[in-house]
Amino acid sequence: MARYAPGETEKKWQSAWNEAGTFLASADPAKEKYYVLEMFPYPSGRIHMGHVRNYTLGDVVARTKKARGFSVLHPIGWDAFGMPAENAAMASGGHPKDWTYKNIEDMKRQLKPLGFSWDWTREFATCDPDYYGQQQAMFIDMLDKGLIYRKNAVVNWDPVDMTVLANEQVIDGKGWRSGAAVERKELTQWFFKISEMAGDLLDSLDDLEGWPEKVRLMQANWIGKSQGLEFGFETLNAPKGFERIDCYTTRPDTLMGAGFVGISPDHPLAKALEAQDPDMAAFLAQCRKGGTTEEAIETAEKLGRDTGIRVKHPLNPDWELPVWVANFILMDYGTGAIFGCSAHDQRDFEFATKYDLPIIPVFEPIEGSEGLSAAYSPLKSETVRYIRGFAGAQVQTGEDGVAAAIAACEDKGFGTGVTKFRLRDWGLSRQRYWGCPIPVVHCADCGVVPESKDNLPIRLPDDVSFDVPGNPLDRHPTWRNCSCPKCGAQALRETDTMDTFVDSSWYYSRFTCAGADTPTTDETRYWMNVDQYIGGIEHAILHLLYSRFFARAMNDTGHLPDTAREPFNALFTQGMVTHAIYKTTGTDGRAVYHYPEDVDQREDGAFLKSDGSKVDVIPSAKMSKSKNNVVDPMNIIQEFGADTARWFVLSDSPPERDVEWTAAGAEAASKFLARVWRIANDIAEGADGDAKADQDLLKATHKAIDEITKSIDSFAFNKALAKLYEQANTLQKTKASNAARREAMKLTAQLMAPMVPHIGEDIWALMGGDGFVVDAPWPVVDPAMLVEDVVTLPIQINGKRRAEISVPKDMPKEEIEKLVLAQDNVLRALDGGQPKKLIVVPGRIVNVVI
RNA sequence: GCGGGCAUGGCGGAAUGGUAGACGCAAGGGACUUAAACUCCCUCGAACUUAGUUCGUGCGGGUUCGACUCCCGCUGCCCGCACCA
């Protein structure tokens with residue numbers, strides 16, 4: 001018998017599929033279509049196990065749907081713009097373009113041997129001028145439609161390198177290269193009006209039934225709809241133009257507990273004071289230190305400064321409140337001003353305690369009372385007793401209190417109930433080279449003018465250098481020069497490029513018509529929506545929310561049909577592939593990471609092979625190049641073949657959960673495939689058996705078809721594989737006739753083929769199957785084969801299993817009861833008495849309560 | 001800090017509120033072999049008075065005839081936090 005040799009046969013089948021055009025998608029109107037898409041990769045140059053897992057999941061879906069008769073679209077491309085290409089150019093010379101396209105070629109060479117059923121004719125990279133030119137065309141349409149505008153926004157500014165930093169380039173508040181303390185600086189930037197669609201993006205989540213509940217919940221919280229009161233505080237001694245400070249609160253019921261008014265360091269009033277008060281300017285400078293992330297702002301020490309300005313309490317003109325600047329108030333949310341109710345908000349409480357501001361309780365618990373060591377902030381749904389309420393009942397829920405307060409304030413004419421969202425507009429400007437140029441020009445006479453579509457694509461210039469920090473487009477000698485599309489005068493190009501999230505917000509629709517001279521075409525109507533989208537949970541909010549917005553914006557500008565406003569019908573979020581990290585501390589105090597092969601694992605810990613020093617082991621960490629804990633799938637493929645790698649990433653762990661890479665697992669997968677190969681060859685060699693066992697084998701096989709089909713449909717691939725292990729055991733042990741074994745093996749090959757397609761083809765051919773197994777229709781379950789005549793019923797006594805009986809499937813309840821009460825263990829437990837209760841769940845279980 | 005998720009043998013995991021540990025890995029024992037590898041067979045949650053009994057699904061409560069599963073409160077870890085992709 002020939003040994004299973006994946007190295008040869010895998011290549012053979014891949015060429016055969018390729019020649020037959022097996023995976024070319026065609027918009028066949030006679031067939032139902034199915035569009036399966038995995039999140040496209042960033043071309044880092046090396047594939048990793050996370051890729052193998054992601055694409056294997058999608059491949060199983062694509063191949064199964066094909067077998068079920070769908071016209072399948074399963075494309076792949078490259079998310080090719082972004083910072084790493086520029087970083088590489090800075091670190092080792094070269095050009096981001098060359099680096100990127102070379103990486104794409106390298107990764108393709110690594111991915112092709114895995115045998116994924118992609119239609120490579122639709123491949124593109126987002127850095128292809130053909131792709132980003134169409135993106136520029138849509139930008140112009142969206143600008144025209146009022147979906148894009150400019151405003152000031154803060155960025156991380158490195159004062160030494162004189163450049164904008166990404167959040168990940170800010171480490172502990174310092175620039176990653178210069179080490180300088182990062183400042184928050186305002187720049188004029190381009191924005192998508194995503195907040196205008198906040199309500200729709202929120203409400204539509206309810207209809208996304210194919211999405212995980214957790215993702216919908218995360219997006220809902222991110223959008224953050226709130227009902228509250230917007231009202232003004234009348235100021236007493238503020239600079240001109242600030243006679244009123246507008247405030248937004250979601251807890252107007254606590255207005256009588258106001259201890260102070262707080263404004264953001266970026267509030268216009270704070271800026272006005274900054275100009276005239278050096279102390280205030282110094283304080284604001286301190287507030288602006290550090291990065292721009294919400295995390296950095298929320299975890300920073302709470303800082304405040306009294307402005308000296310006083311306001312009148314709207315419910316009592318004699319009551320004056322101080323106005324403070326506080327570093328934890330965000331200008332982007334609400335109006336950038338709040339009133340502090342220190343008794344019922346933990347953050348305000350800490351602030352008031354620190355700066356000795358009043359803490360005035362508004363309500364208290366129905367029973368007992370809270371001490372003053374913390375704010376009392378129960379859920380709004382909880383009923384409380386108001387002691388300083390001004391609207392509604394004395395005892396009511398927070399919700400009712402808020403509603404009554406809004407109504408009362410509207411009555412008194414000093415505020416309005418409003419709905420607000422936490423979601424901010426999407427800033428798309430990047431002060432970087434390697435991105436899609438924003439197609440607008442700045443004209444001295446006409447102002448900001450969109451480029452003419454005839455001039456698209458606006459290409460990135462190739463002659464740039466990265467030896468100095470900053471945006472090479474800014475300092476390019478000629479690229480900026482252009483003529484105004486409106487008046488023809490000399491003008492300057494915009495040098496900001498687009499956020500790479502824009503690129504990934506519509507690539508799914510470009511796959512439907514890659515290469516077309518408009519962003520989308522009629523074929524887009526056939527293929528959209530994506531029926532199954534698969535990718536990492538880390539994209540739960542930003543990428544997926546931006547894509548949902550962009551599909552709406554494309555629809556509003558005529559680039560997608562109304563039915564594609566929600567682009568992804570179903571979403572599956574896979575877990576990460578993890579591996580232990582081995583870490584020591586270097587002489588400079590920084591962490592040093594070691595490759596697994598450089599570490600000795602012993603009973604008393606882990607040690608470096610080189611010098612024997614103790615290594616810290618961090619288990620189950622995300623695989624990341626910088627942590628040296630990446631397992632290269634190419635080694636597995638070379639040693640065991642693609643099917644083994646595919647089988648391994650599908651086995652054991654459920655796909656939504658993180659999976660820890662282990663070398664032993666890959667070996668086990670390889671052994672299993674070799675075993676199935678041997679069983680198939682045994683059958684092919686024709687040893688006959690006993691036809692009496694045929695029925696049992698076919699029954700087991702149909703049960704496997706049923707369970708595996710259901711498991712694949714519910715993304716429980718680990719369970720499908722467990723069933724295939726059982727089926728292999730059954731096939732190995734059965735004494736059935738050769739004809740029956742051949743039939744069962746053929747069906748098993750079909751069931752395995754979506755996961756391990758190469759060995760699937762091999763066995764299919766060996767069993768005399770027609771054509772490719774990849775083209776064979778999915779096996780159909782014979783329901784008659786699933787029927788069991790006798791069922792085993794466990795008997796519980798007080799909820800603990802104590803015995804079991806076998807009964808015919810349809811035995812009436814009364815007879816089961818009789819049998820149970822005559823059972824030895826039950827008689828012993830009853831000790832002559834009667835059961836309190838006898839619960840019979842037909843076909844399931846019996847519980848005797850004594 | 002805020003939002004979301006996860007937690008079951010030595011390990012990965014299985015279990016419409018109904019026999020906890022399917023299936024696999026590792027380990028141990030045996031067969032085959034001159035020997036080894038491969039392969040095949042058996043055992044495998046813990047404790048005890050071992051044909052049995054008791055305990056056992058991160059911790060503490062609760063609902064139920066019955067809870068890994070539902071509810072409340074914790075702990076630990078993971079993801080995201082708007083310029084990483």
Side-chain angles (χ1 to χ4, degrees), chain A residues 3 39-42 44 79 81-84 153 155-156 164-170 189 194 212-215 217-222 224 291-300 302 328 332 346-347 422-432 499-501 503-504 536-543 545-546 573 575-576 578 619-622 651-654 656-660 662 664-665 667-669 671-672 674-675 678 716 718-719 721-726 729 732 792-804 835-839 841 844-850:
Chain A
R3 268 191 63 184
M39 289 181 186
F40 65 163
Y42 179 79
S44 61
D79 188 12
F81 274 135
M83 288 203 311
V155 293
N156 300 306
V164 178
L165 298 178
N167 285 334
E168 70 158 8
Q169 297 174 319
V170 178
Q189 315 229 58
I194 187 173
E213 192 54 46
K214 62 179 168 185
V215 175
L217 190 58
M218 277 190 257
Q219 290 212 354
N221 289 337
W222 184 260
T292 56
T293 66
E294 193 165 301
E295 185 186 6
I297 292 165
E298 296 236 345
T299 52
K302 309 277 172 288
F328 58 86
D332 292 308
Q346 190 58 29
R347 197 165 51 179
R422 199 186 79 100
L423 181 67
R424 308 201 292 261
D425 278 337
W426 171 12
L428 70 119
S429 290
R430 294 294 180 272
Q431 294 71 40
R432 272 183 252 289
D499 178 7
T500 56
F501 275 125
D503 312 336
S504 56
I537 182 68
E538 66 270 24
H539 297 290
I541 294 175
L542 292 180
H543 162 60
L545 189 60
Y546 288 153
T573 54
M576 294 177 306
T578 63
S620 297
K622 183 178 182 171
S651 61
D652 292 351
S653 286
E656 68 275 13
R657 223 187 275 185
D658 289 354
V659 59
E660 171 100 16
T662 61
E667 226 160 281
K671 277 186 193 171
F672 172 73
R675 180 153 71 97
R678 277 198 308 276
N718 57 321
K719 283 192 262 170
L721 266 59
K723 195 69 201 171
L724 282 168
Y725 274 108
E726 279 184 42
N729 291 341
Q732 190 163 6
T792 304
L793 282 186
I795 299 172
Q796 293 184 331
I797 294 168
N798 289 337
K800 298 265 181 200
R801 195 189 74 88
R802 285 292 180 265
E804 60 180 39
K836 271 195 207 146
K837 211 168 174 181
L838 190 56
I839 294 151
V841 185
R844 270 283 173 206
I845 204 164
V846 179
N847 192 10
V848 186
V849 184
I850 295 172

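In what follows, every chain begins at residue 1, and chains take the letters A, B, ... in the order their sequences are listed. What you see below is based on every heavy atom in this structure, not just the backbone, and it leaves out hydrogens, waters and symmetry mates.
- Put simply, the side chain of R422(A) gets close to the backbone of W222(A): a donor and an acceptor are under 3.5 Å apart.
- A540(A) comes within contact range of no nucleotide atom at all, as no heavy-atom separation falls under 4.0 Å.
- Note on Q431(A): a base of the nucleic acid sits closer than 4.0 angstrom, heavy atoms only.
- Of all the heavy atoms in V849(A) and N798(A), the pair that sits closest is CA-OD1, 3.4 Å.
- Distance I541(A) CD1 to rG3(B) P: 12 Å, rounded to the nearest Å.
- Toward the 5' end of RNA chain B, the nearer of the two residues V849(A) and V215(A), judged by each one's closest nucleotide, is V215(A).
- Contacts of H539(A) with the nucleic acid, taken as non-hydrogen atoms under 4.0 Å apart, include base atoms.
- The base of rC83(B) sits with one of its N or O atoms less than 3.5 Å from a complementary donor or acceptor on the side chain of Q189(A).
- For the P atoms, the distance from rU19(B) to rA67(B) is 11 Å, rounded to whole Å.
- Between Y725(A) and F672(A), the ring planes lie tilted relative to each other; the angle falls in the 30° to 60° range.
- Remark: the backbone N or O of F328(A) is not paired with any side-chain donor or acceptor of E298(A) at under 3.5 angstrom.
- Rounded to the nearest 0.5 Å, atoms CD (E294(A)) and CG (D332(A)) are 9.5 Å apart.
- Residue contacts for L423(A): at a heavy-atom cut-off of 4.0 Å it reaches a base atom on one of the strands shown.
- In this entry the distance linking CH2 of W222(A) with C1' of rC2(B) reads 10 Å, nearest Å.
- D499(A) places no side-chain N or O within 3.5 Å of a backbone atom of L428(A) that could act as its donor or acceptor partner.
- Distance L165(A) CG to rA82(B) P: 14 Å, rounded to the nearest Å.
- Checked by distance alone, E295(A) brings a side-chain donor or acceptor within 3.5 Å of a matching partner on the base of rC81(B).
- Nucleic acid contact class of F501(A) (heavy atoms, under 4.0 Å, all strands): base.
- Within the nucleic acid shown, N798(A) has no heavy atom closer than 4.0 Å to any nucleic acid atom.
- A straight line from NZ of K214(A) to P of rG5(B) spans 8 Å, rounded to a whole angstrom.
- At the heavy-atom level, G82(A) lies under 4.0 Å from the strands shown only through sugar-phosphate atoms.
- At whole-Å resolution of the value, CD in E294(A) and P in rC83(B) are 12 Å apart.
- In terms of heavy atoms, G291(A) sits closest to A296(A) at O-CB, 4.0 Å.
- Counting to the nearest Å, the C1' atom of rA85(B) and the CD atom of E168(A) are 8 Å from each other.
- Side-chain atoms of D79(A) do not come within 3.5 Å of backbone N or O of P41(A) as any donor-acceptor pair.
- At rC81(B), none of the side-chain N or O atoms of T293(A) fall inside 4.0 Å of OP1 or OP2 (strictly under the cut-off).
- Taking 90° from 0 as the syn/anti boundary, the base of rG30(B) is oriented anti.
- The nearest whole Å value for the distance from the CG atom in N221(A) to the C1' atom in rG5(B) is 13 Å.
- When all heavy atoms are compared, the tightest approach of I537(A) to K214(A) is CD1-CE, 3.8 Å.
- The residue G427(A) sits close only to the backbone: its heavy atoms come under 4.0 Å of sugar-phosphate atoms, none of a base.
- Stem analysis of RNA chain B (at least three stacked-register Watson-Crick or G-U pairs, each with both distances under 3.5 Å) gives B:1-7 with B:75-81, B:10-12 with B:23-25, B:27-31 with B:39-43, B:45-48 with B:52-55, B:58-62 with B:70-74.
- Taking side-chain N and O atoms only, K837(A) has a distance below 4.0 Å to OP1 or OP2 of rC65(B).
- Within the 4.0 Å cut-off from OP1 or OP2 of rC83(B), at least one side-chain nitrogen or oxygen of R430(A) is found.
- Contact annotation for V164(A): base contact, defined as any heavy-atom pair under 4.0 Å involving a base atom.
- For the pair Q169(A) CD and rA85(B) C1', the computed distance is 13 Å after rounding to whole Å.
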5' to 3', nucleotides 38-54 of chain B under a 4.0 Å protein heavy-atom cut-off (B base, S sugar-phosphate only, - none) gives -SSS------------S
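- Between P794(A) and E804(A) the shortest heavy-atom distance is CA-CB, 3.9 Å.
- Both T500(A) and M218(A) sit near RNA chain B, but only M218(A) has its closest nucleotide nearer the 5' end.
- Contacts of S429(A) with the nucleic acid, taken as non-hydrogen atoms under 4.0 Å apart, include base atoms.
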5' to 3', nucleotides 12-22 of chain B under a 4.0 Å protein heavy-atom cut-off (B base, S sugar-phosphate only, - none) gives BSSSB-BB--B
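- rC71(B) and rC84(B) are spaced 40 Å apart, taking the C1' atom of each and rounding to whole Å.
- A distance of about 14 Å separates the P atoms of rA7(B) and rU57(B), rounded to the whole Å.
- Summarising the geometry of L793(A) relative to R844(A), their closest heavy-atom pair is CD2-N, 3.4 Å, with the distance given to 0.1 Å.
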